[in-house]
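A quick write-up on the structure given underneath.
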Amino acid sequence: MSDAVLSQFTQAEKEKAIDTSRKLRFGIIGTGWIAEAHVQAIKQMPDAVIVAGADLIEGKAEAFFETWGVPGVRCYPDHKSMIDNEELDCVCVCTYNKTHAECTIYALEHGLHVMLEKPMCVTQEEAEAIIKAEKKSGKILTVGFQPRMDANMQKIREIVQSGELGKIYYMQTGGGRRRGIPGKTFIEEKTAGVGALGDIGCYSLDVVLNAIGYPKPLTVSGYKSKYFGTDPKTVGAVDAARFDVDDFAAAFVRLEGDIILDFRISWAMNMSTPGDTIILGTEGGLRIPSTDCWNGTFPSPMTVYKNVGTSQVEYQIPLVPNTGAAAKGLFYAKIRSFMDAILNGGAAPVPTSQIYYNQAIISGIVKSAELGREIELDIPSFEEI
């Protein structure tokens, strides 16, 4: 394949200059491990300051900010008291899944911009409630999909949108850890709502759905299981007794535009990977090397498969380094893009109009799995919400 074709997918980006005349005032809701990445990123921003934090566990927020070297942060026992008593510009919602909707809606109703960690929430109904609050507030709400900031992940969408593959008709995606079940609030329905399906499955779905422009999902035939999370030999007696979410999920999803999505995700299985991600089109196919959770980049070059005349050919898309803000880390780029949208009046970097469909699929997989049959998805358009 010629250098001219490959050069379509090798453009670099420089980080823009930062105006330090105004500092955005951040509040952190939830001080678990994911908040660490948010705080470390915000600390690098010369135009941001963390002024407050909240956590339900007494003393946890104070210890957290001391550990991560953020002095002077005022700490509160819950998100409402923090928002009610602080002058903030924005918040990062880093709580467990079941409280994403509650915290986000309250922040929006009080005029704050929101960086909402993934998954967006637990159910489609919660997603719709979040969107209603977002629309009413007029504030920026972005969902924390930092893989979108990775240069190689961005190439997937670039290749598809370039027309190189023709009309897309089938996609296979997923990821999986042979053994990689987290603990704490991730493994209980009362806090997480969903397991691997929401935790890393949302990333896997976004990889392909973002590439093709997020068409509306129509039907879902879903499956989920928890064979390993409930096994004391795998996770220990304490976690096995608490475990009541999925550690494996799969689905067959029909999308608008006559596109099929074949999906599977795993925290634990007797296999190293459920397979590479592939996108099939009428003019070509794209193979993306598998990863365990799709929360960053992938380990080796993608391959494009084509026919040229009567010859079957293939070529690789070389891996490229991250540039601009992403060169400082994907979480840095995620926070930076959120801040730039606020400061410059831009759009949300990862909009709810897209992730709403992601969440509807996750919610649909859960419902279909529980019913044991394919279901039709009743999804109003973003404009109708």
Side-chain angles (χ1 to χ4, degrees), residues 1-13 145 147-176 201 203-221 250-266 271-323 326 354 357-358 361 374:
M1 187 58 59
S2 71
D3 291 341
V5 172
L6 289 176
S7 68
Q8 297 179 67
F9 313 120
T10 56
Q11 303 301 312
E13 176 191 355
F145 281 70
R148 291 264 193 114
M149 309 298 150
D150 177 72
N152 294 293
M153 295 289 278
Q154 291 169 1
K155 298 301 173 195
I156 301 170
R157 178 175 169 82
E158 289 177 21
I159 292 166
V160 172
Q161 294 298 317
S162 75
E164 185 77 354
L165 307 183
K167 174 192 159 29
I168 306 304
Y169 61 89
Y170 174 87
M171 303 182 298
Q172 171 184 297
T173 193
Y203 282 144
S204 176
L205 290 169
D206 190 61
V207 170
V208 293
L209 292 172
N210 182 49
I212 63 173
Y214 263 97
K216 184 177 181 179
L218 303 175
T219 67
V220 171
S221 181
F252 191 79
V253 185
R254 296 182 184 275
L255 306 168
E256 275 189 343
D258 195 26
I259 302 171
I260 296 300
L261 171 59
D262 183 356
F263 164 79
R264 71 293 303 266
I265 200 74
S266 171
M271 188 67 63
S272 58
T273 174
D276 291 343
T277 286
I278 61 174
I279 301 176
L280 297 181
T282 56
E283 301 297 325
L286 178 66
R287 180 181 295 277
I288 308 155
S290 63
T291 79
D292 62 355
C293 60
W294 293 107
N295 68 349
T297 190
F298 38 89
S300 55
M302 295 182 284
T303 303
V304 175
Y305 298 81
K306 300 273 292 183
N307 268 16
V308 177
T310 59
S311 299
Q312 295 179 337
V313 301
E314 57 193 71
Y315 64 92
Q316 290 188 330
I317 305 296
L319 291 175
V320 295
N322 282 315
T323 58
Q354 296 176 354
Y357 285 166
N358 188 304
I361 290 173
E374 182 179 63

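Just so it is clear, the model here is predicted, and its values are computed rather than measured.
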Polar contact flag, side-chain donor to acceptor under 3.5 angstrom, Asp258-Tyr169
no
Between Ile361 and Leu209, is the side-chain contact (heavy atoms from CB on, under 4.5 Å) condition met? List the steps.
CA-CA 11 Å; Ile361 290 173; Leu209 292 172; 3.8 Å; yes
Ignoring hydrogens and geometry, is there a side-chain-to-backbone donor-acceptor pair from Asn152 to Val320 under 3.5 Å?
yes
Is a side-chain donor or acceptor of Gln161 paired with a backbone partner of Ala211 at a separation under 3.5 angstrom?
yes
Heavy-atom nearest pair, Ala151 first then Asn322, reads N-OD1, 2.6 Å
Contact between Ile317 and Pro301 at the side-chain level, heavy atoms closer than 4.5 Å - yes or no?
no
Please tell me if the side chains of Trp294 and Pro147 come closer than 4.5 Å, counting only heavy atoms from C-beta onward.
no
Checking side-chain contact (heavy atoms from CB on, under 4.5 Å) for the pair Val207/Phe298: CA distance, chi angles, key distance, verdict?
CA-CA 11 Å; Val207 170; Phe298 38 89; over 6 Å; no
Pick from Leu261, Asp206, Ile265: which one makes a side-chain contact (heavy atoms from CB on, under 4.5 Å) with Thr173?
Leu261
Side-chain heavy atoms of Ile212 within contact of Leu255, under 4.5 Å:
yes
Taking atom CG of Asp292 and atom OG of Ser272, what is their separation to the nearest 0.5 Å?
11.0 Å
Indicate the ring-plane relationship of Phe145 and Tyr203, choosing parallel, tilted or perpendicular according to the 30° and 60° boundaries.
perpendicular
Considering all heavy atoms of both residues, which atom of Tyr357 and which atom of Pro217 are nearest to each other, and what is their separation?
CG-CD, 3.7 Å
Checking Asp276 side chain against Ser290 main chain: does a donor-acceptor pair fall under 3.5 Å?
yes
If you count every heavy atom of other residues, nucleotides or ligands that lies below 6.0 Å from Arg254 atom CZ, does the total exceed 12?
no
Checking Glu164 against Lys306 for the side-chain contact (heavy atoms from CB on, under 4.5 Å) test, could you report, in this order, the C-alpha distance in whole Å, the side-chain angles of both residues, the deciding distance, and whether it holds?
CA-CA 9 Å; Glu164 185 77 354; Lys306 300 273 292 183; 3.9 Å; yes
Taking side chain as C-beta onward, heavy atoms only, is Arg287 less than 4.5 Å from Glu314?
no
With distance as the sole test, does Ser162 use its side chain to make a donor-acceptor pair with the main-chain N or O of Ile159 at under 3.5 Å?
yes
Donor-acceptor check, side chain of Lys167 to backbone of Gly257, threshold 3.5 angstrom: yes or no?
yes
State whether the number of non-hydrogen atoms from other residues, nucleotides or ligands found under 6.0 Å of Arg264 atom CZ is greater than 12.
yes
Identify the two heavy atoms, one from Gln316 and one from Thr303, that lie closest to each other, and give their separation to 0.1 Å.
CG-OG1, 3.8 Å
Indicate the atoms forming the closest heavy-atom contact of Pro299 with Pro289, along with that distance.
CD-CB, 4.1 Å
